[in-house]
> 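Pasting a structure here, questions to come.
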Amino acid sequence: MTSVPSGRPDPPPASAAASARVAVAPDPVGPGGRLQPLADDGTPLGPPRTVPDLARAVAEREAEGPPRWVWAATDELYARLLDRLPVRLARCHDLKLVEALLLGYEERHARPRSLGAAWARLHGLPEPADPRESGADDQPALFAADRHRLPPGTDHLAAVVAVHAAQLGRVAEAGHPGRLRVLCAAESAGALAAVEMGRDGLPWSADEHDAVLTSLLGPRPAGTARPEVLGRLTEEFQRAVGAPVNPDSPAQVLAAFARSGVALPSTRSHVLRESRHPAAAVLLRYKELSRIHSAHGWAWREQWVRGGRFRPEYVVGGVVSGRWATRGGGALQIPRLLRPAVRADPGHRLVVADAGQLEPRVLAALSGDPGLVRAAAGGDLYAGLARAAFDGDRSRAKIGLLAAMYGQTGGEAGRLVAELRRRFPAAMELLEATARTGEAGGTVRSRLGRTSPRPADDWQQAAAGAAGDEEDASPAQRAARAWGRFTRNFVVQASAADWALALLAALRRRLAGSPGARLVFFVHDEVVVHCPAALAPVVASAVTDAAAEATALVFGPTPVPFPLGTQVVECYADAK
DNA sequence: AGCCTACGCGCC
DNA sequence: AAAGGGCGCGTAGGCT
């Protein structure tokens with residue numbers, strides 16, 4: 001285990017003031033449920049209360065002063081409550097997400113994390129496997145309780161109370177309990193935001209979307225036919241290679257190029273761009289248009305855009321680094337070409353906030369490397385880096401630093417990394433130490449304590465199947481290096497995700513006082529808020545304040561600034 | 001028909 | 001010395 005070095009104290013607990021908690025268990029069927037007030041250490045305060053209308057009881061309790069709601073899974077229970085709640089809930093403790101964080105911290109990554117599984121572990125019972133996560137075609141609501149995997153006859157509320165208390169104890173035993181507490185609170189707040197954002201949706205203009213598609217692909221074809229332009233480009237491509245080749249088949253395309261005397265290593269666009277063969281340019285154009293049509297064409301719009309909103313399903317903790325994933329619609333990959341379709345409602349604005357150079361700043365803050373900290377302090381980190389080590393060549397500085405964080409060693413980038421090692425030894429040593437840990441099969445942690453998984457037991461054998469005729473490295477060595485690149489990047493990416501999650505939570509809390517302002521998008525290092533135009537300045541300053549709060553929570557006092565570029569626009573395409 | 005992998009590309 | 005991290009999704013092409 002390698003911990004991230006730090007000379008700074010733990011941040012304070014997420015809620016310094018004593019705040020009540022309330023455990024929640026919905027009835028298996030119907031609108032009722034049970035509530036159990038808890039002390040901050042998880043001890044029950046008084047008897048549980050049975051209520052006929054859970055949403056109403058939760059709303060009333062929230063109005064008395066928001067407790068931290070403790071429940072099995074936000075994505076299931078909060079999603080059901082939200083429609084019937086007059087307000088949004090301030091705080092929660094998501095047992096499933098916290099269980100996953102703790103299992104990772106305890107290096108038991110592979111274990112199931114449902115409430116039922118956690119309950120079983122507490123009682124020495126066999127652990128039920130996690131249910132298959134799935135989207136729209138899921139089990140009907142009647143079976144929702146089954147998703148928690150509680151053994152039949154188990155009291156849901158008692159299980160919530162017991163697992164919660166046990167989790168608080170496990171957090172307290174961690175190496176940095178304060179940081180882990182922040183992580184659990186931020187992850188849980190993120191789960192609330194994810195449900196809300198999925199509900200509210202991203203403003204999306206079908207007309208603008210169509211205008212973009214039509215300008216690129218021509219008029220919409222009838223039914224599921226492909227646009228004529230794709231047929232024309234296919235024919236043109238086939239004439240150019242002199243064979244009836246499917247342009248969507250990399251194998252056929254490579255063979256056709258080979259027949260005309262051009263050996264390509266792949267059909268990737270950067271390879272095609274270097275080829276002088278006349279078919280290459282046609283193929284590139286075909287790929288570009290075909291991609292838009294198949295990935296974000298009219299069919300996508302009809303499937304995902306309803307009532308002027310794109311509503312993706314966010315999956316909190318969907319990536320081991322703590323980044324979110326999404327299910328359906330590819331929400332985290334909205335192509336730049338389509339951003340004109342993201343438009344604020346009339347009289348509204350989008351406040352788009354983007355954390356610039358987040359990962360290198362995270363590296364500076366984690367390592368405390370004096371040179372890198374100085375470079376970060378100047379505003380443009382890469383420019384500062386360039387002045388210190390690359391004769392002012394900003395692009396080489398950027399390539400070198402990214403290569404160092406990704407573990408690239410070959411070619412020009414490798415030489416740039418060598419220069420970085422001379423000038424920024426502490427930062428580079430942090431990266432190399434985490435890589436060595438991974439190569440040896442160990443785990444590393446983010447700043448707040450999110451822990452990398454261990455490689456599979458047979459990780460070095462499994463890699464033996466890969467074609468390995470290169471160099472002198474054995475398959476096992478190459479597998480070790482690959483895992484080292486993963487852990488090397490994990491610390492930076494996961495700590496950046498810590499910061500972004502803290503930002504989201506802080507911003508969400510600040511926006512609670514402005515009901516017209518809604519978080520509508522979150523992607524790794526960027527948030528978008530939709531609000532009435534008059535509110536935009538307030539939202540923009542809330543964003544700035546939230547960034548400062550996130551920096552303090554995650555990194556404590558640090559000389560490294562984490563600036564958030566904030567823009568107020570009507571259309572997403574106009575941002576930066 | 002469904003299931004799986006490889007490939008390629010979009011985003012960060 | 002070492003040949004670039006994380007995703008979702010669509011298509012092709014092989015498998016059962």
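Chain letters run A, B, ... following the sequence lines, proteins first and then strands; every chain starts at 1. Because the structure is a prediction, the values reported are computed rather than measured.
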> Figure out the NE2/C1' separation between His524(A) and dC11(B), and round it to whole Å.
7 Å

> Within this structure, what is the CG-to-C1' distance between Leu264(A) and dG8(B), rounded to whole angstrom?
14 Å

> Looking at Asp210(A) and Arg301(A), is any side-chain nitrogen of the basic one under 4.0 Å from a carboxylate oxygen of the acidic one?
yes

> Should the heavy atoms of other residues, nucleotides or ligands under 6.0 Å from CZ of Arg268(A) be counted, would the total exceed 12?
no

> Tell me: CZ of Phe490(A) to C1' of dC7(C), nearest whole Å?
14 Å

> Would you say whether Tyr406(A) stacks on dG4(C)? The test is a distance between ring centres of less than 5.5 Å and an angle between planes of less than 30°.
no

> Students often get this wrong, so: under 4.0 angstrom with heavy atoms, is Ile334(A) touching a base, only sugar-phosphate, or nothing?
sugar-phosphate

> Between Glu439(A) and Arg485(A), which is nearer to the 5' end of DNA chain C once each is assigned its nearest nucleotide?
Glu439(A)

> Looking at Glu313(A) and Arg327(A), is there a salt bridge between them, counting it only when a charged N and a carboxylate O are closer than 4.0 Å?
yes

> Ignoring hydrogens and geometry, is there a side-chain-to-backbone donor-acceptor pair from Arg361(A) to Ala376(A) under 3.5 Å?
yes

> What residues in residues 268-279 of chain A put a non-hydrogen atom under 4.0 Å from any atom of DNA chain B?
Arg268(A), Ser269(A)

> Return the nearest nucleotide to the side chain of Glu526(A); candidates are dG10(B), dG8(B), dC12(B).
dC12(B)

> Counting any heavy atom closer than 4.0 Å, what does Ser294(A) reach on the DNA or RNA strands: base, sugar-phosphate only, or nothing?
sugar-phosphate

> Using a strict cut-off of less than 4.0 Å between a Lys/Arg side-chain nitrogen and an Asp/Glu carboxylate oxygen, indicate whether Glu419(A) and Arg396(A) qualify as a salt bridge.
no

> According to a strict under-4.0 Å criterion, is Lys287(A) in side-chain N/O contact with OP1 or OP2 of dC9(B)?
yes

> Once you round it to whole Å, what is the distance between P of dG4(C) and CZ of Arg488(A)?
11 Å

> Could you tell me the separation between the CG atom of Leu332(A) and the P atom of dC12(B), rounded to a whole number of Å?
10 Å

> Taking Val444(A)'s backbone N and O only, do any of them form a donor-acceptor pair with Ser452(A)'s side chain (distance below 3.5 Å, no angle check)?
yes

> Using the closest heavy atom to pick a nucleotide of DNA chain C for each, name whichever of Gln333(A) or Arg323(A) lands nearer the 5' end.
Arg323(A)

> Between Arg239(A) and Glu236(A), is there a salt bridge with N-O shorter than 4.0 Å?
no

> Check every atom of dG8(B), dG4(C), dT11(C) against the side chain of Arg291(A) and return the nucleotide holding the closest atom.
dG8(B)

> Is any NZ, NE, NH1 or NH2 atom of the basic residue among Arg488(A) and Glu359(A) found under 4.0 Å from an Asp or Glu carboxylate oxygen of the other?
no

> Please confirm whether the shortest side-chain N or O distance from Thr409(A) to OP1 or OP2 of dA3(C) is below 4.0 Å.
no

> Considering only atom C1', compute the distance from dG4(C) to dC12(B) and round it to an integer number of Å.
14 Å

> Tell me if a side-chain donor or acceptor on Arg311(A) pairs with a main-chain N or O of Arg199(A) at a distance below 3.5 Å.
yes

> Mind checking if Gly328(A) touches a base, just sugar-phosphate, or nothing, with heavy atoms under 4.0 Å?
sugar-phosphate

> Base, sugar-phosphate, or nothing: which does Arg336(A) touch, judged by heavy atoms less than 4.0 Å apart?
sugar-phosphate

> Do the rings of Phe555(A) and Phe562(A) sit parallel, tilted or perpendicular, given the 30° and 60° boundaries?
parallel

> In terms of ring plane angle, is the pair Phe310(A) and Trp304(A) parallel, tilted or perpendicular, where the classes change at 30° and 60°?
perpendicular

> What is the distance from CZ of Arg327(A) to C1' of dG10(C), rounded to the nearest Å?
19 Å

> Using whole Å, report how far CD of Gln357(A) lies from P of dC12(B).
15 Å

> Once you build an axis from the first five pairs and another from the last five of the helix from dA1(B)-dT16(C) to dC12(B)-dG5(C), how far apart in angle are they, to 10 degrees?
0°

> Without swapping roles, check the side chain of Gln567(A) against the backbone of Val352(A) for a donor-acceptor pair under 3.5 Å.
no

> Could you list, one pair per line, each protein nitrogen or oxygen that sits under 3.5 Å from a nitrogen or oxygen of nucleotides 13-16 of chain C, together with the distance?
from    : atom 1 : to        : atom 2 : distance (Å)
dG13(C) : OP1    : Ser249(A) : OG     : 2.7
dG13(C) : OP1    : Gln252(A) : NE2    : 3.3

> Would you call Glu439(A)-Arg481(A) a salt bridge at under 4.0 Å N-O?
no

> Kindly point out which of dC7(C), dA2(C), dG4(C) is positioned nearest to the side chain of Ala325(A)?
dC7(C)

> Regarding Gly318(A), tell me which of base, sugar-phosphate or nothing describes its non-hydrogen contacts under 4.0 Å with the strands shown.
nothing

> Expressed as a whole number of angstroms, how long is the span from Leu401(A):CG to dG5(C):P?
16 Å

